[in-house]
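First up is the structure itself, then whatever we jot down about it.
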Number of protein chains: 2
Amino acid sequence: MTYNEKYVSILRQHDFKVTLPRVKLLEILDGSGEPLSAFDIHKTLSKHGTDLATIYRSLSKFVEAGLLNKIDFGDEFSRYELATNEHYHHFICNECGKVIKIHQCNFDKLSKDIEKVAGHKVLSHEIIFRGICNECVSVASVAH
Amino acid sequence: MTYNEKYVSILRQHDFKVTLPRVKLLEILDGSGEPLSAFDIHKTLSKHGTDLATIYRSLSKFVEAGLLNKIDFGDEFSRYELATNEHYHHFICNECGKVIKIHQCNFDKLSKDIEKVAGHKVLSHEIIFRGICNECVSVASVAH
DNA sequence: GTTTGTGCAAACTGTTTGCAACTTC
DNA sequence: GAAGTTGCAAACAGTTTGCACAAAC
């Protein structure tokens, strides 16, 4: 079987065996602009006969290997996205549920402040913004 | 039965009937410096014969009423804390697991930036810091 | 041929729900 | 006494695990 070379080489680099469920899983996550749940991925992968258990097993191995990030928005399930070098956070639209990347972040300064004032060593931070996305904002203003 | 007047009046203010599980639940959360899970609360309340289901029911009603905040740190369960007017975030120590309130926050500015640049209306934000707390930092430095 | 991954079914864990009995107001 | 709350048991949803077979290297 011949797979998309991009994902094959990612898998090889991490000493993972190359299988259809894994290649497709990476392809799906890479193609999606948003973090996806195991269920989201299963919607597509089940067409190839792939089981949810297999998806969960790959997801957790890939997170462990640093290939994926696991994200928790406080709703029913965890979501996963490809890990990159970019530093960003997530904005969730209250209206449409869309998840948007936010690149603005002034946290180096804030982390240093916390370290100085309280003495805690800050190693990482996650921010979740909630509100109304630009598209839903304009829909609302037209409706009125 | 006679209960701590503080929690009785909170319940009355929100039109909740005053019962032992509810008064004690508020008392436990108020007494704890940290957000607690339903299980944590059950550890104490089960001594009075209170069921986990009752705790979950009260927690979700209280969250809905704005009395409590529900917090998700991405581990197995949700945590709850009394809602206050203070604005703060959470720091989780990687070593001891302690949850510490962080009052520093420069987000009004950042939120305005996001609104200006991307057009999303930011209504709220949650930040989770992770690292090593001041106590664990000093233990580590002594150990070396 | 050894190691690793897979599908299937069953288990597990945090949370929710149906219901009849019981409290609160 | 009407409305809301409780304990118990059973259900539920997302996730994990045991196992025998199969694919990757």
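Chain letters run A, B, ... following the sequence lines, proteins first, then strands; residues in each count from 1. Basis for what follows: all heavy atoms, side chains included, without hydrogens, waters or symmetry-related copies.
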Within this structure, what is the CD-CG distance for the pair E27(B) and L29(B), rounded to the nearest 0.5 Å?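 Nearest 0.5 Å value for the CD-CG distance: 10.5 Å.
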So does [X] get a side-chain nitrogen or oxygen closer than 4.0 Å to the phosphate oxygens (OP1/OP2) of [N]?
X: S78(B); N: dT15(C); value: yes
X: R57(B); N: dG4(D); value: no
X: K61(A); N: dG5(C); value: yes
X: S60(A); N: dT16(D); value: no
X: T50(B); N: dT6(D); value: no

Can the positive tip of K70(A) be found less than 6.0 Å from the middle of the six-membered ring of Y80(A), inside 45° of the ring normal?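 Output no; distance or angle outside limits.
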Would T54(B) and D51(B) count as having a side-chain donor-acceptor pair, cut-off 3.5 Å?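 No donor-acceptor contact under 3.5 Å links the two side chains.
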Verify whether one side chain among H125(B) and H89(B) offers a donor that lies under 3.5 Å from an acceptor in the other.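 Short answer, yes.
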Can you measure [X] atom [atom1] to [N] atom [atom2] for me and round it to whole angstrom units?
X: L11(B); N: dC25(C); atom1: CG; atom2: C1'; result: 14 Å
X: K24(B); N: dT5(D); atom1: NZ; atom2: C1'; result: 18 Å
X: L26(B); N: dT5(D); atom1: CG; atom2: C1'; result: 15 Å
X: F16(B); N: dC25(C); atom1: CZ; atom2: P; result: 13 Å
X: D75(A); N: dT15(C); atom1: CG; atom2: P; result: 14 Å
X: E64(B); N: dT5(D); atom1: CD; atom2: P; result: 11 Å
X: D72(A); N: dT15(D); atom1: CG; atom2: C1'; result: 12 Å
X: D51(A); N: dA9(C); atom1: CG; atom2: P; result: 9 Å

Check every strand shown and say whether [X] touches a base, only sugar-phosphate, or nothing at a heavy-atom separation below 4.0 Å.
X: F77(A); value: sugar-phosphate
X: R22(B); value: sugar-phosphate
X: S37(B); value: nothing

Might you work through the salt bridge (Lys or Arg N to Asp or Glu O under 4.0 Å) test for E135(A) and K98(A), ending with a clear yes or no? CA-CA 10 Å; E135(A) 290 178 23; K98(A) 195 165 42 183; 3.3 Å; yes
Could you check which of [options] has an atom nearest any side-chain atom of [X]?
X: T19(A); options: dT16(D), dT17(D), dG5(C); answer: dG5(C)
X: A38(B); options: dC25(D), dG7(C), dT15(C); answer: dT15(C)
X: K17(B); options: dG7(D), dG5(C), dC25(C); answer: dC25(C)
X: A53(A); options: dA9(C), dT6(D), dT15(C); answer: dA9(C)
X: F39(A); options: dG14(D), dT15(C), dA24(D); answer: dG14(D)

Tell me whether the rings of F16(B) and H14(B) are parallel (<30°), tilted (30 to 60°) or perpendicular (>60°).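 Judged by the thresholds at 30° and 60°, the geometry between F16(B) and H14(B) is parallel.
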